[in-house]
Amino acid sequence: MRLNELEKIRAEKINAMRETGIEPYPTRAERTHTTAQAKQAYEEIEGQSGASPLAVTVTGRIRSIRTMGKICFAHIEDMDGRLQLFLRVNEIGAEAMKFFTTHYDLGDFVQAEGDVVRTRTGEISLLVKEFRMLAKAIKPLPAAKDEVVDGQVVQHATLQDPELRYRQRYADLAVNADVRELFRLRSDVVRAMRAFLDDHGFLEVETPILQPIYGGAAARPFVTHHNQLHQDLYLRISFELYLKRLVVGGIERVYEIGRDFRNEGVSFKHNPEFTQMEFYWAYADYLQVMELTEQMIAFIAQEVLGTMQITFDGHEIDLTPPWKRVNLREGLLEVTGIDIADYPDSASLAAAMKAKNIQADSTAARGKLIDKLLGDHLEPTLIQPTFLYDYPIDISPLAKKLPNDPTTVERFEGFVGGMELCNAFTELNDPLDQEERFLAMGREYVEGDDERHPMDDDYLQAMSYGMPPMGGFGIGVDRLVMLLTGKRSIREVILFPHLRDKDRGEDDGE
RNA sequence: GGCCCAUUAGCUCAAUUGGCAGAGCAGCUGACUCUUAAUCAGCGUGUUAUAGGUUCGAGUCCUAUAUGGGUCACCA
C-alpha cells in the first residue's frame with residue numbers, strides 16, 4: 001500500500017499503539033445503545049429526581065474532534081446519528097487524555113463507555129470513562145464539515161466530485177449523510193412495493209438471469225459463456241417470458257424484483273444493469289393494470305414520503321389517483337397535428353412528419369416513427385402523471401390486439417415528470433398469433449436490427465398449453481426512486497453505477 | 001459514437017495579457033477544563049490528469065490520450 005504523508009503519520013500511530021500493547025484492530029466490539037437510543041433513554045429519565053446516571057456503551061466513527069487542553073469534545077457517528085463524546089482529565093486522567101489526542105483521528109471507529117449527561121450548552125453527550133479503538137483509519141476521509149443551524153445541517157465542505165463519489169461510494173456514504181438517507185429511502189421504496197404486491201395476492205419469484213434465449217424487450221443483450229456446457233448464454237433483458245410461463249403453470253399473480261441487463265448506451269437515465277419490477281395478473285386486462293399501477297405508486301409515495309405531492313425537476317407533481325389517461329393517437333394529434341391513423345404505412349407517415357419539419361427516416365418501421373414522435377414531442381409534455389394507451393402493433397410484439405382494430409394493441413405506458421416510468425399491456429396469449437409476430441420480428445432481426453426478438457420456441461410451447469388472459473406490467477425501480485427523490489441522474493440512485501474502467505484504456509481497441 | 005465543458009494539495013476552490021502555484025478546511029507543533037464550522041500562534045503538504053509541442057518562460061496557448069460531466073445520436 002502506497003501511503004502519502006498524512007497516511008504515513010496515521011500508520012505510525014498504529015505502530016505506536018501496538019508498541020504500548022494496544023491492538024488498533026480488536027476482534028470484538030461492545031455496544032449497549034446506538035447514539036439515538038442513548039439520547040432517547042437519557043431524555044426519558046432526565047427530569048426524574050433521584051434517577052441514577054445512565055451508563056451506556058456506544059460505538060461509531062469519529063467525525064469531529066475539538067481538543068481544549070484538559071477537556072476534549074468529539075462527535076461519533078453511527079447509523080442512527082451522532083453523539084458527542086465529552087472527555088475530561090478529571091474523569092479519565094491526563095495519560096488517557098494524552099493518548100486520545102495523539103492517537104485518535106477523524107474517521108477512526110471507536111467504542112466509548114460512560115454516563116450520558118447534558119453539557120452546559122445543552123447537548124446530550126457521553127461523559128467518557130473508558131474508550132477503545134475499534135478500527136484505525138489510515139486514509140483521511142474527504143473533508144466534510146457541517147454545522148447545525150436552526151436544526152438544519154449546513155455543509156461547509158463536502159465531497160462533491162461525482163467521479164470520486166461514484167467510484168468510492170463508501171467515502172461518499174461515510175461523509176454525506178443525505179446520500180445514506182437516499183439509499184435508505186430506496187430500500188423503503190422496494191419494501192413498500194413488495195408489501196403492496198404481497199397484499200394484493202401476488203407471489204414473488206426468481207427466474208433465470210442467465211438465459212439461453214433472451215426476450216421480452218427490444219434491447220441488445222450481454223453475452224456470456226458456460227464453459228463446461230459449451231453454451232452461450234445471455235444476461236436477461238427482461239423477466240417477461242419466464243413470468244408468463246409461470247402464469248401458464250397456474251401462478252395467477254406473480255412478480256419479480258431484480259436486475260435487468262442491457263448492452264446499450266450509458267446516460268443519466270440508463271445504466272447497463274438496472275432494477276426492474278414486473279408483475280403478471282391472470283384474468284385482468286390493461287385497464288385494471290392501469291388502476292392498480294396508480295394505486296401502487298400512490299401507496300409507495302405515501303408510505304415512503306408521507307405524501308403524494310412531489311417535486312421533480314422544478315415541477316410540483318401530484319401522484320394522487322386517478323391519473324390522466326390519454327389515447328396515444330389523440331395525444332400525438334394534439335401535440336404534432338399528425339393523425340397517425342391517416343398514415344397506415346411508414347412511407348406516408350415519414351412524409352407527413354417531414355411536412356411538419358420533423359426529421360424522419362423513411363426506411364424506419366412505422367412503429368419506430370411513432371415511437372420517435374412520442375419520445376420527442378409528447379413525452380416531455382407529460383409532467384403530471386399520465387397514462388398513454390393503445391400503441392401500434394409493430395413495436396409491441398407481446399401485446400394483444402384491440403378486439404376491433406388489428407393494427408393497435410392494448411398497451412399503456414405511464415409518464416411522470418416528462419419521463420417514462422412504466423410499461424404494461426394486455427398480454428398476447430394466442431400461440432399462433434404469437435408465432436407470427438416472432439416470425440415478423442425474426443425477419444427484421446435478420447435485416448439487421450439486432451434488438452429484435454429471436455424466436456423462443458419453448459415460450460410458444462408454454463403458451464400452447466393454454467395461457468389465461470392476463471395483464472402484465474413493468475417498472476424501472478431506479479427511475480421511480482429518481483422521481484421520489486428528485487434526482488435527475490440515475491447514477492445518484494444506484495449505489496455503484498457503472499463507470500468506465502479507469503485502469504485500462506490502452507489495449508482495448510475501440 | 002459526434003460536439004461542448006472540466007481535471008490544480010487529502011477535500012472545496014483561487015491564480016491578471018503566458019512571468020516565483022495559494023487560500024479555507026484536515027494535517028503537524030504548541031496554548032486552552034463546556035466546545036460544537038471551537039479559538040489563538042506557528043508550519044504549505046503539489047509530477048497543476050497523462051504524453052508531446054510552441055515559447056526565454058506554460059496551470060494558462062496548440063495536439064493527442066485518459067477519466068468525469070453535459071448534450072445529441074441511441075434507448076419499450
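Below, read A as the first sequence line, B as the second, and so on, with proteins coming before strands; counting in each chain starts at 1.
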Check: To the nearest Å, how far apart are A:Arg63 CZ and B:C25 P?
Finding: 17 Å
Note to self: Looking at A:Tyr42, I'd like to know if the NZ or CZ of A:Arg118 sits under 6.0 Å from its six-membered ring centre while staying within 45 degrees of the ring's axis.
What the structure shows: no
Item checked: Parallel, tilted or perpendicular: rings of A:Phe222 and A:Phe261 (30°, 60°) -> perpendicular
Next item on the list: Using distance alone, with no hydrogens and no angle criterion, decide if A:Lys244 and A:Tyr459 have a side-chain donor and acceptor under 3.5 Å apart.
Entry: yes
Note to self: Donor-acceptor check, side chain of A:Glu256 to backbone of A:Thr207, threshold 3.5 angstrom: yes or no?
What the structure shows: yes
Margin query: Measuring to OP1 and OP2 of B:U35, would you say a side-chain N or O of A:Arg66 lies under 4.0 angstrom away?
Written below: no
Notebook entry, point to check: For A:Arg262, which contact category applies under a 4.0 Å heavy-atom criterion: base, sugar-phosphate, or nothing?
Noted result: nothing
Note to self: Heavy atoms only, 4.0 Å cut-off, all strands: where does A:Lys13 land among base, sugar-phosphate and nothing?
What the structure shows: sugar-phosphate
Check: Hey, does A:Ser489 reach any base, or is it just sugar-phosphate, or nothing, if we go heavy atoms under 4.0 Å?
Finding: nothing
Note to self: Taking B:G10 as the reference, what is the distance to B:U47 when you measure between their P atoms (whole Å, please)?
What the structure shows: 8 Å
Note to self: Applying a 4.0 Å non-hydrogen cut-off, can you work out what A:Phe86 is touching in the nucleic acid: base, sugar-phosphate, or nothing?
What the structure shows: base
Next item on the list: Using both distances under 3.5 Å as the test, list the Watson-Crick or G-U wobble partner of B:A21, or none.
Entry: none
Next item on the list: With a 3.5 angstrom cut-off on both distances, give the Watson-Crick or G-U wobble partner of B:U50, or none if there isn't one.
Entry: B:A64
Next item on the list: Could you verify whether a donor N or O on one side chain and an acceptor N or O on the other, from A:Asp78 and A:Thr35, lie under 3.5 Å apart?
Entry: yes
Check: So what does A:Glu123 touch, heavy atoms closer than 4.0 Å: a base, only the sugar-phosphate, or nothing?
Finding: base
Item checked: By ring pair (Phe, Tyr, Trp, His ring centres under 6.0 Å) - contacts of A:Phe312 (at least two apart) -> none
What are the atom names and distances for every N/O pair under 3.5 Å that joins the protein to nucleotides 42-48 of chain B?
none

Check: Using purine N1 to pyrimidine N3 plus N6-O4 or O6-N4 for Watson-Crick, or N1-O2 and O6-N3 for G-U wobble, each under 3.5 Å, what pairs with B:G1?
Finding: B:C72
Note to self: Under 3.5 Å for both donor-acceptor distances, Watson-Crick or wobble: does B:A41 have a partner, and if so which one?
What the structure shows: B:U29
Notebook entry, point to check: Going through the distances and angles, do A:Phe412 and A:Phe425 end up as a ring-ring contact (aromatic ring centres under 6.0 Å, His included)?
Noted result: CA-CA 6 Å; A:Phe412 75 82; A:Phe425 30 90; 9.1 Å; no
Note to self: For a quick check, tell me whether the side chain of A:Thr121 and the base of B:U35 share a donor-acceptor pair closer than 3.5 Å.
What the structure shows: yes
Next item on the list: Compare side-chain N and O positions of A:Arg10 against OP1 and OP2 of B:A26 and report whether any pair is under 4.0 Å apart.
Entry: no
Notebook entry, point to check: Using a cut-off of 4.0 Å on non-hydrogen atoms, how would the nucleic acid contact of A:Gln84 be classed: base, sugar-phosphate, or nothing?
Noted result: base
Next item on the list: Could you check whether A:Thr119 gets within reach of a base, just the sugar-phosphate, or nothing at all, counting any heavy atom under 4.0 Å?
Entry: base
Next item on the list: Select base, sugar-phosphate, or nothing to describe what A:Arg488 touches, counting heavy atoms under 4.0 Å on all strands.
Entry: sugar-phosphate
Check: Which is true for A:Arg491 with a 4.0 Å heavy-atom rule: it touches a base, it touches only sugar-phosphate, or it touches nothing?
Finding: sugar-phosphate
